[in-house]
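The next block holds one structure in the form of structure tokens; read it before the comments.
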Amino acid sequence: LSFAIVLGVLWVWLRAKERRRFQTLGFERSGQTVRHILRGGGVALAFMLVCVLVPVVTGQATLTWHASEIGSDGLLFVGLLRGFITQAVARRWGLIAAVVVQAVVFAVMHGANPGMGAIPFANLVLFALFASAWTLAEGSLWGICALHGVWNWAQGNLFGVAVSGNTVSDSVFSYAPNEGSIDLITGGSFGIEGSLVTSVLLLAGAVISWRRFRASDHARASDRESAVLEA
């Protein structure tokens with residue numbers, strides 16, 4: 001319900017104040033839409049598989065069959081909000097400021113979650129930076145919405161890992177740190193998002209995605225727009 005209210009307010013603001021369509025947040029349809037969605041979901045699943053298997057293979061955690069009932073997570077809310085914040089801040093203060101602001105907002109939104117600590121907070125910031133770079137590289141929110149949705153779904157409903165500190169009751173597998181395990185590897189009570197394994201993957205993903213962006217037509221378009229605004 002809270003997500004629906006936020007989306008409704010955002011829709012009204014875009015229509016009444018900014019006089020533009022909701023799709024301009026990053027949901028324009030193109031021949032690349034399906035590819036963006038599949039690539040985002042695939043990368044999320046691969047990342048989560050690595051994050052879970054590293055602690056299991058090193059003996060720090062146990063993964064067991066738990067149940068066959070699988071839930072689902074919404075794909076749109078975080079992507080929509082991120083798209084609006086990035087666009088709004090970029091127009092006034094530039095692209096770098098926009099990326100930083102939305103990353104801080106994203107991390108603070110999770111600040112009161114159970115098990116929060118320095119590494120989990122740093123990973124939330126890294127995820128937000130990675131998501132921004134990914135979105136800029138593709139020029140669309142389709143891929144990052146799929147990535148974020150599959151990331152949460154695989155984490156909670158597939159592998160049974162706490163999602164940002166919040167446990168999920170229905171999952172295919174059950175993930176549990178072993179007694180005496182190292183929280184920096186397993187993620188501790190916050191879940192795998194509190195692991196240094198996740199930190200490494202997100203940092204690498206952010207760097208690669210940013211390089212993709214700087215080499216893309218979207219970067220050249222952004223540079224031209226910034227030059228016009230400065231003039």
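Between Arg21 and Leu14, every side-chain heavy-atom pair lies at or beyond the 4.5 Å cut-off. Residues Trp142 and Val34 fail the side-chain proximity criterion, which asks for heavy atoms closer than 4.5 Å. A heavy-atom distance below 4.5 Å is not found between the side chains of Leu45 and Met48. Leu25 is listed as a side-chain neighbour of Arg20, based on a closest heavy-atom distance under 4.5 Å. The closest side-chain heavy-atom distance from Ile182 to Ile185 is below 4.5 Å. Side chains of Gln60 and Asn178 form no contact here, defined as non-hydrogen atoms less than 4.5 Å apart. Taking 4.5 Å as the limit, every side-chain heavy atom of Ile208 sits out of range of all side-chain heavy atoms of Phe130. No side-chain heavy atom of Leu158 sits under 4.5 Å from any side-chain heavy atom of Ser171.
Linking ILVMFWY residues whenever their side-chain heavy atoms come closer than 4.5 Å, directly or via other members, places Phe159 and Leu53 in the same cluster. Hydrophobic clustering keeps Val200 apart from Val57 (ILVMFWY residues linked when any side-chain heavy atoms are closer than 4.5 Å, directly or through intermediates). When hydrophobic clusters are built by joining Ile, Leu, Val, Met, Phe, Trp and Tyr residues whose side-chain heavy atoms come closer than 4.5 Å, directly or via intermediates, Val172 is grouped together with Ile192.
Although no hydrogens or angles enter the test, the distance criterion places a donor-acceptor pair under 3.5 Å between the side chain of Ser132 and the main chain of Ala128. Ser216 contributes a side-chain N or O that, together with a main-chain N or O of Phe213, makes up a donor-acceptor pair within less than 3.5 Å. A distance-only check finds no donor-acceptor pair linking the side chain of Ser181 to the backbone of Pro177 [under 3.5 Å]. Within the 3.5 Å criterion, the main-chain N or O of Gly156 finds no donor-acceptor partner in the side chain of Tyr175.
Residues satisfying the side-chain contact (heavy atoms from CB on, under 4.5 Å) criterion with Ala122, sequence neighbours excluded, are absent altogether.
Here the rule is side chain to side chain contact (heavy atoms under 4.5 Å, CB included) with Ile119, and of Leu184, Leu124, Thr198 only Leu184 fits it.
By the 30° and 60° cut-offs, the orientation of the rings of Phe127 relative to Trp151 is tilted.
No hydrogens or angles considered: a donor-acceptor pair under 3.5 Å links the side chains of Glu193 and Gln155.
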